[in-house]
Amino acid sequence: MSSYAAHIATVQARFDAALAATDFDSVLVYAGQPRVAFLDDNAAPFKVNPLFKYWLPITDSPKSAIYYERGQKPVLFLFQPRDFWHAPVTIEEAEWQQHFELVVIDDLAQLTERLGNKLYASAFIGEDFAEPVASWQMKARNPQALIDHLHFHRAIKTEWELENLRIANERAVTAHLAARDAFLAGKSELEIHHAYLAAINFRESELPYNSIVGLNEHGAILHYDVYETQAPTESRSFLIDAGATYRGYCADITRTYAKNDGFFADLVAAMDAAQQALLGEIKPGLDYYQLHVSMHLKVSQLLSEFGFVKGSAESIYEQGFSSAFFPHGLGHFIGLQVHDVGGFLRNDRGDSFDRDVRHPFLRLLRPVEAGQVFTIEPGLYVVDQLLEEHAEAKEMNWDRIAELRPYGGVRIEDSIVVGDNGANENLTRDAFGKLES
Ligand code: GLY
Ligand code: MN
Ligand code: MN
């Protein structure tokens with residue numbers, strides 16, 4: 001059996017279980033359609049419903065839908081506009097076609113005619129802001145219990161999903177290497193961003209998220225996506241958090257570079273070593289939360305060793321200082337979505353973990369299990385707004401912190417496939433190993 005055949009069998013079994021548990025016989029998964037700008041007819045880039053692309057690698061066919069009745073062959077209503085405004089869509093022969101009944105439509109009325117009364121008994125999953133979809137009479141629209149059930153099990157990836165994630169990482173790494181070279185050549189943030197896209201022939205809307213391309217101080221702005229058009233007089237440091245997609249699956253990679261040897265290069269190397277030490281701790285049975293705390297202790301150790309904060313790692317963590325330098329979560333699930341779903345779910349009945357008061361931005365609280373894929377992305381930055389809270393703390397070494405400020409900060413982000421007993425796969429470092437010359 002091919003990996004895609006095994007994947008679709010798993011998806012089908014997961015839908016069977018979810019539908020049975022939530023009292024539905026069938027579901028219509030709508031791909032979605034682009035939104036247009038206010039008072040305008042210009043469409044925003046189309047982002048397909050992730051539960052649509054879970055079934056098959058079609059990401060660019062708005063108004064398509066999958067109808068699935070428990071235990072039956074799924075039906076794909078593939079929408080192909082037949083008019084002279086749009087480029088004709090060609091359906092290349094692909095393996096998924098063996099697993100679907102294919103119905104090509106150019107009007108959604110053809111879908112409702114074909115399904116008739118079956119729609120009344122069916123759950124709808126998708127966006128329904130536009131007609132005629134908004135008026136379809138369905139048994140339920142986006143029922144939370146059904147979605148939670150599906151989201152809970154999506155955390156365990158199939159082999160086909162892993163193959164796609166490997167290629168997404170290789171694409172992103174190819175682009176990261178071009179971006180690094182552009183930084184070393186003294187290019188502006190916008191030029192670096194363009195070098196990234198050119199290296200993999202991507203248009204910007206194909207990226208899984210807005211790339212963070214920050215030189216110098218900009219490395220400390222967690223969601224920086226301004227892209228200065230002029231290169232700074234001196235490019236000291238570079239933080240890039242940027243991904244790629246393959247068949248709808250996402251890569252999410254961060255690297256930080258120093259232009260010259262010295263204190264910041266040492267900090268990047270030390271963070272890299274600390275991140276890799278944490279990677280060695282990942283094994284099924286732990287809670288991801290424990291990894292997050294363990295990383296905080298390692299970041300606290302760096303804060304102490306580099307002289308930013310006085311005290312032992314434990315005391316730096318206990319007093320909350322590490323959260324001022326490392327404010328975000330250690331990572332998140334990744335797959336069909338960059339921030340893949342289900343990180344707060346305790347079970348497939350929709351019970352959830354409460355967000356942690358001490359670490360409110362951590363979006364993954366589940367126990368670690370083999371087959372999960374998540375990121376590990378520790379950081380250490382000078383974020384003045386957060387440091388202000390500790391303005392009076394005698395443990396803070398403000399002179400030393402001032403030395404770091406012109407470099408922004410450091411983050412290193414890899415995606416990990418959890419294996420049995422710590423036999424994990426690092427999708428990101430494997431791709432760097434393959435592509436770095
Ligand atoms: N690039 C988004 C993130 O790292 O979560
Ligand atoms: Mn991430
Ligand atoms: Mn990232």
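Order of listing sets the numbers, starting from 1, for every ligand and every atom in it.
Of the protein's heavy atoms, E377 OE1, 2.9 Å lies nearest to atom 4 (O) of ligand 1. At the shortest separation from atom 5 (O) of ligand 1 among protein heavy atoms lies H339 NE2, 2.7 Å. Ranking protein heavy atoms by distance to atom 3 (C) of ligand 1, first place goes to D252 OD2, 3.2 Å.
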Stepwise, does the side chain to side chain contact (heavy atoms under 4.5 Å, CB included) test hold for L207 with Y196? CA-CA 11 Å; L207 293 173; Y196 187 96; 4.0 Å; yes
Worked verdict on R154 versus D348 for salt bridge (Lys or Arg N to Asp or Glu O under 4.0 Å): CA-CA 10 Å; R154 245 174 70 187; D348 61 15; over 6 Å; no
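Checked against the Mn ion (ligand 2), the N, O or S atom of E377 at the shortest distance is OE2. When you scan the N, O or S atoms of H332 for the one nearest the Mn ion (ligand 2), you land on NE2. E413 contributes OE2 as its N, O or S atom closest to the Mn ion (ligand 2).
Taking the six-membered ring for Trp and thresholds of 30 and 60 degrees, Y289 and H359 have ring planes more than 60 degrees apart, a perpendicular arrangement. Classification of the H328-F326 ring pair by plane angle, with boundaries at 30° and 60°, yields perpendicular. In this pair, Y68 and W55 present their aromatic rings tilted. The plane angle is within the 30 to 60° band.
The E413 neighbourhood of ligand 1 comprises atoms 4 (O), with distances under 4.0 Å to a heavy atom of that residue. With ligand atoms numbered from 1 in the order given, ligand 1 contributes 1 (N) to contacts under 4.0 Å with heavy atoms of Y209.
Between R255 and D414 there is a salt bridge, since a side-chain N of the basic residue sits under 4.0 Å from a carboxylate O of the acidic one.
Distances from ligand 1 to the non-hydrogen atoms of H328 include no value under 4.0 Å.
Within the coordination shell of the Mn ion (ligand 3), defined by N, O or S atoms under 2.8 Å, D252 is present.
At a cut-off of 3.5 Å, with distance as the only test, no side-chain donor of D16 or Q12 sits close to an acceptor on the other residue.
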